Amino acid sequence: MAGLLAWTAADGPALTGVMHTAGVVDDGVLAGMTPERLATVLAPKAGGAAHLDELTAGLDLSAFVLFSSATAVFGGGGQGNYAAANAYLDALAEQRRARGLAATSVEWGVWAGGGMAEADGEVRRRVGRGPLRAMDPRPR
Ligand SMILES: NC(=O)c1ccc[n+]([C@@H]2O[C@H](COP(=O)([O-])OP(=O)(O)OC[C@H]3O[C@@H](n4cnc5c(N)ncnc54)[C@H](OP(=O)(O)O)[C@@H]3O)[C@@H](O)[C@H]2O)c1
């Protein structure tokens with residue numbers, strides 16, 4: 001990422017915004033949660049976003065958008081690690097704004113039509129049992 005930013009600064013198009021969408025799930029009940037499973041989920045979310053924040057701190061970005069989740073506020077069955085990773089994104093957005101930098105953290109609910117909530121059968125079944133319906137991505 002540092003190399004890519006160095007290239008845009010030298011020869012590439014000017015970077016005006018960042019969209020951070022990386023994420024993985026590794027769901028499990030608390031008793032089965034391990035430091036490794038926490039790290040697996042924190043790395044692309046909290047780690048990736050922190051890295052982007054650090055590397056772009058000197059740029060005049062008009063947008064720095066983080067794909068967080070409603071689990072950051074409501075929690076989610078078996079998603080202690082995922083909830084923590086998303087809460088980090090929300091806090092990072094607050095902290096960036098306090099520094100006068102652009103930041104938006106979008107706490108998405110579940111969406112339909114593909115993505116991590118549909119890719120995994122277990123996650124799909126658990127979400128299906130919950131109160132939130134998956135959002136239809138097709139325009140109405
Ligand atoms: N789907 C939903 O209902 C939902 C709801 C709320 C929030 N979100 C959030 O929205 C974002 C996108 O979700 P999605 O459903 O589109 O998931 P997705 O289809 O599984 O896409 C996640 C992306 O993250 C990338 N990624 C994973 N680990 C990475 C790493 N260490 N470094 C760089 N990239 C990495 C994956 O790349 P590879 O394909 O190369 O592995 C993949 O392209 C995620 O942050 C997710 O938490 C999704």
Side-chain angles (χ1 to χ4, degrees):
M1 189 52 64
L4 180 63
L5 290 171
W7 169 73
T8 59
D11 299 314
L15 185 69
T16 58
V18 168
M19 301 271 286
H20 173 274
T21 67
V24 293
V25 285
D26 184 10
D27 293 358
V29 293
L30 203 53
M33 207 43 80
T34 61
E36 290 75 23
R37 295 181 75 183
L38 190 61
T40 297
V41 174
L42 281 172
K45 282 242 168 198
H51 199 206
L52 281 168
D53 169 55
E54 189 182 321
L55 290 173
T56 62
L59 302 179
D60 184 23
L61 300 179
S62 61
F64 189 96
V65 182
L66 301 158
F67 272 42
S68 178
S69 158
T71 58
V73 172
F74 301 125
Q79 292 199 308
N81 51 2
Y82 187 66
N86 285 294
Y88 181 92
L89 297 187
D90 297 349
L92 178 62
E94 292 272 359
Q95 202 244 17
R96 279 183 58 91
R97 284 175 176 239
R99 283 184 277 144
L101 301 173
T104 306
S105 189
V106 184
E107 288 177 347
W108 292 97
V110 178
W111 64 69
M116 63 169 55
E118 296 209 327
D120 183 296
E122 272 307 312
V123 177
R124 197 166 55 243
R125 276 189 288 281
R126 201 168 48 250
V127 167
R129 290 197 298 271
L132 291 177
R133 298 275 72 87
M135 294 179 286
D136 187 346
R138 288 171 301 185
R140 291 177 183 275

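None of the values given here were measured: they were computed from a predicted structure. Indexing begins at 1, ligand by ligand and atom by atom, following the structure's order.
Although no hydrogens or angles enter the test, the distance criterion places no donor-acceptor pair under 3.5 Å between the side chain of Thr56 and the main chain of Leu59. Judged by distance alone, with hydrogens and angles left aside, the side-chain atoms of Asn86 form a donor-acceptor pair with the main-chain N or O of Tyr82 at under 3.5 Å. The backbone N or O of Gly128 sits less than 3.5 Å from a side-chain atom of Arg133, completing a donor-acceptor pair.
Taking distance alone, with nitrogen or oxygen atoms compared against 3.5 Å, Pro44 stays at or beyond that limit from ligand 1. At under 3.5 Å, a nitrogen or oxygen of Gly23, whether backbone or side chain, sits near a nitrogen or oxygen of ligand 1. Note: no N/O pair closer than 3.5 Å links Val24 and ligand 1 by distance alone. For the pair Lys45 and ligand 1, the shortest N or O to N or O distance falls below 3.5 Å. Between Ser68 and ligand 1, no pair of N/O atoms sits closer than 3.5 Å. Between Asn86 and ligand 1, not a single N/O pair is under 3.5 Å apart.
Comparing heavy-atom distances from atom 14 (P) of ligand 1 across Phe67, Trp108, Trp111 singles out Trp111 as nearest. Comparing Gly109, Ala85, Gly76, Gly48 by heavy-atom distance to atom 5 (C) of ligand 1, the nearest is Gly109.
There is no protein heavy atom closer than 4.0 angstrom to atom 41 (O) of ligand 1.
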